[in-house]
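Structure, as structure tokens:
On a predicted model such as this, the values are computed, not experimentally measured, just so you know.
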2 protein chains.
Amino acid sequence: MDETFDLGAGSYYSVHDRYPVSVDCILFSLHGGELSVLLAPRKFEPHRGVPSLMGGFVKHDETLDEAAARVLWELTGLDDVYMEQVGAFGALDRDPGERVISVAYFALIKSDGVIDARVGKYDAEWVSVGRLPELKFDHPLMIERALDALHRKVAREPVAFNLLPELFTLTQAQMLYERILGRSVDKRNFRRQLLDNKCIELTDKIDKLNSRRGAAMYRFNRESYKETLKFKI
Amino acid sequence: MDETFDLGAGSYYSVHDRYPVSVDCILFSLHGGELSVLLAPRKFEPHRGVPSLMGGFVKHDETLDEAAARVLWELTGLDDVYMEQVGAFGALDRDPGERVISVAYFALIKSDGVIDARVGKYDAEWVSVGRLPELKFDHPLMIERALDALHRKVAREPVAFNLLPELFTLTQAQMLYERILGRSVDKRNFRRQLLDNKCIELTDKIDKLNSRRGAAMYRFNRESYKETLKFKI
DNA sequence: ACAAAAGTGTTTGGTATACACCCATGT
DNA sequence: ACATGGGTGTATACCAAACACTTTTGT
């Protein structure tokens, strides 16, 4: 009752239940032409060996965002990665061991292939979101919510470029959007939108790996995007 | 390091930091023609007497959603209210007493005026989002995020009707959208959209309170909305 | 009669969509 | 020469926005 208003009441804290709080990270990347999620076999019971999202407990001296960034760093060696909170998950039985409240984050990893050696150490691997195995805990729900959040975000802001290498071709960008949105998009319309919105800039590099003719490479430009401030795919 | 993967590892739980987890509720309602938030004076230190969002600690036998619903019920006596999670907030110093991790929810309260007597008991009052006092903790941030979430949601799905009484006039609905979106909308276009999308249905009731002529009253209809499934204001 | 809010269609501009052929190059 | 992916404009449909007057009725 009045307990409803204990929040922040110093001496009252002790009477309240406490929980380990974890972060779970959904790492997205474009891999083998598919939007993929990084899964690693669990190293502990329960479900030892079963592919799982990466998680970690929140330490007393780090914020939720910092915890998520740390977990990501420990696994990949990457910092300066686009991350966004998906939400908090607190079902009673979401962890069979003990009640843990978890905050999910998604991260967008550039497909430069510069993932740290640590990934191999954890036997982590990229799994297409179209071919996910049955996952434990509430990880399927988390991934679903993360995909929803990604869809919504991508249609409003040009965050998808965080999934591309520094330099990329328009065809790569288009494939990325098609994978994220789950539908095919018109080549000419897509290119027009990107160029009109000035969020990418042409470089003098040519990609000759994927075609005989070669494809112009572009770079994302946050600055010129900010000026126009409209984006819609 | 390997600790990153302790998640769910039974015996390992004990070594991890534990935190009280709270929910904070941002109750939105249309009050006095303004989109408003319910604030109540804190009953405990720190900041006793200062207007604040409603919060409560998550008990061991309730989910986050249940905790939020309980806090709302304790304050208003209402159940069956539209609620949505805004996100988790875990800044280190967000609560001066002790580290508390909080999950914010927003709720949409019908402006029927049927708020329970309990509200009076807590000296709670509706404050226009345009005239919020300086709030403590990270409540300003929570409200900002809740408003963002509300904006996005309202433009995609007809959840705003949760803020209107059972029966309402088109003018009321329009005012509501104007307050939420923070801009004026065209009367004819607005009405056309609502009627075309079949998410409201005409009743035979006439509201004579706000005009001499009287205004037709409508009711939200979730069923017929589901059929058309497009909504855009 | 008049004040005050309710109600009602059409025009216009912009944006999203659909669509097909030529280009450059390595083999 | 040909196979492969890269690159380019236009016409159309639809939707959002702008816009002003008539209706009803209590006073």
Side-chain angles (χ1 to χ4, degrees), chain A residues 30 32-33 151 154-158 164-165 167-219 228-233, chain B residues 30 32-33 151 154-158 164-165 167-219 228-233:
Chain A
L30 196 57
H151 286 159
V154 149
R156 296 174 56 91
E157 283 180 57
L164 291 173
L167 299 181
F168 53 87
T169 68
L170 294 180
T171 302
Q172 281 177 291
Q174 181 178 347
M175 270 191 25
L176 173 63
Y177 270 90
E178 287 178 336
R179 294 299 177 274
I180 294 178
L181 300 176
R183 59 181 168 88
S184 58
V185 304
D186 182 88
K187 181 161 64 159
R188 279 174 289 191
N189 295 337
F190 179 80
R191 291 159 105 95
R192 182 170 43 243
Q193 295 238 7
L194 249 57
L195 296 171
D196 286 357
N197 285 329
K198 300 210 179 71
C199 53
I200 58 176
E201 60 183 20
L202 185 62
T203 70
D204 57 3
K205 299 285 189 297
I206 304 282
D207 169 276
K208 305 277 284 185
L209 294 173
N210 299 308
S211 73
R212 310 199 191 287
R213 174 174 173 174
M217 301 195 79
Y218 290 79
R219 167 188 292 124
T228 63
L229 255 180
K230 55 177 171 177
F231 192 84
K232 206 70 186 291
I233 295 281
Chain B
L30 197 57
H151 285 159
V154 149
R156 294 175 58 90
E157 284 181 55
L164 291 173
L167 299 181
F168 53 87
T169 68
L170 293 180
T171 302
Q172 281 177 292
Q174 182 178 346
M175 270 191 25
L176 173 63
Y177 270 90
E178 287 177 335
R179 294 299 176 276
I180 294 178
L181 300 176
R183 59 181 168 90
S184 59
V185 303
D186 182 87
K187 181 160 64 158
R188 281 175 288 192
N189 294 337
F190 180 80
R191 291 158 105 95
R192 182 170 43 243
Q193 295 239 7
L194 251 56
L195 297 170
D196 286 357
N197 285 329
K198 300 211 180 67
C199 54
I200 59 175
E201 60 184 18
L202 185 62
T203 70
D204 57 3
K205 299 283 188 300
I206 304 284
D207 171 275
K208 305 277 286 185
L209 295 172
N210 299 309
S211 74
R212 309 200 193 288
R213 174 174 174 176
M217 301 195 79
Y218 291 79
R219 168 187 291 125
T228 62
L229 257 180
K230 55 178 171 178
F231 192 84
K232 206 71 187 288
I233 296 282

(request) Give one of base, sugar-phosphate or nothing for B:T171, where a contact means two heavy atoms less than 4.0 Å apart. (result) sugar-phosphate
(request) Can you tell me the distance, in whole Å, between the CD atom of B:Q193 and the P atom of D:dA18? (result) 13 Å
(message) What is the separation between atom CG on B:L195 and atom P on C:dG7, rounded to the nearest whole Å?
(response) 10 Å
(message) What contact category does A:N210 fall into here, base, sugar-phosphate, or nothing, at under 4.0 angstrom with non-hydrogen atoms?
(response) sugar-phosphate
(message) With a 3.5 Å cut-off and heavy atoms only, can you find an N or O donor on one side and an acceptor on the other between the side chain of B:R213 and the base of D:dT23?
(response) yes
(request) Please figure out whether A:K208 or A:R192 has its closest DNA chain C nucleotide nearer the 5' end. (result) A:R192
(message) Can you confirm whether B:T169 sits close enough to B:N210 that some side-chain heavy atom of one is under 4.5 Å from a side-chain heavy atom of the other?
(response) no
(request) Rounded to the nearest angstrom, tell me the gap between atom OH in A:Y177 and atom C1' in C:dA16. (result) 16 Å
(message) I want to check something: taking the side chain as every heavy atom from C-beta on, are B:T203 and B:L167 in contact at a cut-off of under 4.5 Å?
(response) yes
(message) Starting the side chain at C-beta, find the nucleotide from D:dT8, C:dC19, C:dG7 nearest to A:N189.
(response) C:dC19
(request) Could you pick out which residue, B:D186 or A:L170, lies toward the 5' side of DNA chain D when each is mapped onto its nearest nucleotide? (result) A:L170
(request) Taking only the side-chain heavy atoms of A:R191 (C-beta and beyond), determine which of D:dC19, D:dT8, C:dT25 contains the nearest atom. (result) D:dT8
(request) Kindly indicate whether the side chain of A:R188 and the base of C:dA20 share any N or O donor-acceptor pair separated by less than 3.5 Å? (result) yes
(message) Are A:Y218 and A:L195 packed together at the side-chain level, in the sense that at least one heavy-atom pair is separated by less than 4.5 angstrom?
(response) yes
(request) Nearest whole angstrom, please: distance from the P of C:dT17 to the CD of A:Q174. (result) 13 Å
(request) May I ask you to decide if B:L181's main-chain N or O and B:H151's side chain share a donor-acceptor pair within less than 3.5 Å? (result) no
(request) Return the value, rounded to whole Å, for the distance between atom CD1 of A:I206 and atom C1' of C:dC23. (result) 14 Å
(message) Nearest whole Å is fine: how far is C:dA4 P from B:D207 CG?
(response) 18 Å
(request) Consider the side chain of A:A216, meaning its heavy atoms from C-beta on, and name the nucleotide among C:dT25, D:dG7, D:dT27 that approaches it most closely. (result) D:dG7
(request) In whole angstrom, give the distance that lies between atom NZ of B:K187 and atom P of C:dA4. (result) 15 Å
(message) Can you tell me which nucleotide in C:dT17, C:dT8, D:dG6 comes closest to the side chain of A:A215?
(response) D:dG6
(request) For the side chain of A:S211, starting at C-beta, report the closest nucleotide among D:dG5, C:dG7, C:dG26. (result) D:dG5
(message) Please check this pair: side chain of B:E178 against backbone of B:V185, looking for a donor-acceptor N/O pair closer than 3.5 Å.
(response) yes
(request) Take the protein atom CG of A:D196 and the nucleotide atom C1' of C:dT17, then report the distance between them rounded to whole Å. (result) 15 Å
